[in-house]
Amino acid sequence: MTTFANVGSLGTKPGKRDAVVEILTRLNPDLIEAGCLVYEVGVRDDEPDTVFVVELWESETAHKQSLQLQSVKDSINDAIPLLSGQFDGEHFTVLGSPLRNMPR
């Protein structure tokens, strides 16, 4: 099994960053069941209209399948009106970490 990482940023409409953070940090046990290992949401003071997200998944397939969950679709639908349309990000296969023992 390989771990899939998705790291990105979402531009928000002016003044809507905190509302997007609230949506993205709602408790969602469905993500764990879908294979999400880490889902962290953050902000930077120097980018007041940007939300950053770091996700680790059991696999790329698990990530793609999570987008079909109703709870995820609901969060996306709630967030879309608050977003500016500016997105950036990267995804990659995780090969290991000095913080945990991960076989390649």
Side-chain angles (χ1 to χ4, degrees):
M1 177 187 343
T2 60
T3 303
F4 176 75
N6 191 40
V7 180
S9 62
L10 305 126
T12 69
K13 291 181 180 174
K16 299 299 181 184
R17 182 182 75 179
D18 292 345
V20 172
V21 168
E22 186 277 320
I23 291 166
L24 297 180
T25 58
R26 290 179 190 159
L27 183 62
N28 187 348
D30 292 345
L31 293 177
I32 294 170
E33 292 179 28
C36 187
L37 305 170
V38 171
Y39 193 101
E40 299 292 334
V41 177
V43 298
R44 289 175 32 176
D45 290 340
D46 64 337
E47 295 194 42
D49 298 320
T50 305
V51 176
F52 299 90
V53 180
V54 175
E55 303 171 59
L56 290 179
W57 292 85
E58 291 177 355
S59 66
E60 185 174 4
T61 300
H63 176 256
K64 287 180 181 177
Q65 290 175 343
S66 75
L67 299 174
Q68 301 307 311
L69 295 169
Q70 190 59 52
S71 60
V72 172
K73 289 180 180 181
D74 291 345
S75 291
I76 291 169
N77 288 334
D78 290 348
I80 284 175
L82 307 175
L83 300 176
S84 69
Q86 296 178 340
F87 306 101
D88 193 17
E90 298 291 333
H91 58 270
F92 54 91
T93 300
V94 176
L95 299 178
S97 168
L99 303 177
R100 63 181 182 276
N101 185 13
M102 289 183 54
R104 287 186 177 201

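Bear in mind that the values here come from a model prediction, so they are computed numbers and not experimental data. Each residue takes its place number in the sequence, starting with 1.
Here the rule is side chain to side chain donor-acceptor pair (under 3.5 Å) with Asn6, and of Glu55, Glu60, Glu90 only Glu55 fits it.
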Checklist entry - Given the rule in the side chain to side chain contact (heavy atoms under 4.5 Å, CB included) test, do Val94 and Leu56 qualify, once you have shown the distances and angles that lead to the verdict? => result CA-CA 9 Å; Val94 176; Leu56 290 179; 3.9 Å; yes

Checklist entry - Could you go step by step and tell me if Thr12 and Thr50 meet the side chain to side chain contact (heavy atoms under 4.5 Å, CB included) rule? => result CA-CA 6 Å; Thr12 69; Thr50 305; over 6 Å; no

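Hydrophobic cluster membership is shared by Val21 and Ile76, with clusters built from Ile, Leu, Val, Met, Phe, Trp and Tyr side chains linked at under 4.5 angstrom. Under the 4.5 Å side-chain contact rule for hydrophobic residues, Leu67 and Ile23 share a cluster. Taking hydrophobic clusters as Ile, Leu, Val, Met, Phe, Trp and Tyr residues chained together by side-chain heavy-atom distances below 4.5 Å, Phe87 does not share a cluster with Val54. Phe92 and Trp57 end up in different hydrophobic clusters when Ile, Leu, Val, Met, Phe, Trp and Tyr side chains are linked at under 4.5 Å. Phe52 and Leu24 sit in two unconnected hydrophobic clusters of ILVMFWY residues. Membership requires side-chain heavy atoms under 4.5 Å apart, directly or through other members.
Across all their heavy atoms, Ser75 and Arg26 have their closest contact at OG-NH1, 4.5 Å. Scanning both residues, Pro14 and Asp49, for their nearest heavy atoms gives CA-OD1, 3.4 Å.
Within the 4.5 Å cutoff, no side-chain heavy atoms of Thr93 are placed close to those of Thr3. Two residues are said to be in side-chain contact when any heavy atoms from C-beta on lie closer than 4.5 Å; Leu83 and Val51 fail this criterion.
Taking Gln65 as the reference, nothing meets the side-chain hydrogen bond (donor to acceptor under 3.5 Å, both in side chains) condition, with sequence neighbours excluded. Listed by chain and number, the residues in a side-chain hydrogen bond (donor to acceptor under 3.5 Å, both in side chains) with Asp74 are Gln70 (sequence neighbours excluded). Under the side-chain contact (heavy atoms from CB on, under 4.5 Å) criterion, Leu69 pairs with Asp30, Ala34, Ser66, Ser71, Val72, sequence neighbours left out. In this structure Phe4 satisfies the ring pair (Phe, Tyr, Trp, His ring centres under 6.0 Å) test together with His63, His91, sequence neighbours excluded. Residues meeting the side-chain contact (heavy atoms from CB on, under 4.5 Å) test with Ser84, sequence neighbours left out: Gln86.
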For a quick test of your reading: what N or O donor-acceptor pairs under 3.5 Å do the side chains of residues 36-45 make, sequence neighbours left out?
from	atom 1	to	atom 2	distance (Å)
Arg44	NE	Asp46	OD1	3.0
Arg44	NH2	Asp46	OD1	3.3
Arg44	NH2	Asp46	OD2	2.8
Arg44	NH2	Glu47	OE2	3.3

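Within 6.0 Å of NZ on Lys73 lie more than 12 heavy atoms contributed by other residues, nucleotides or ligands.
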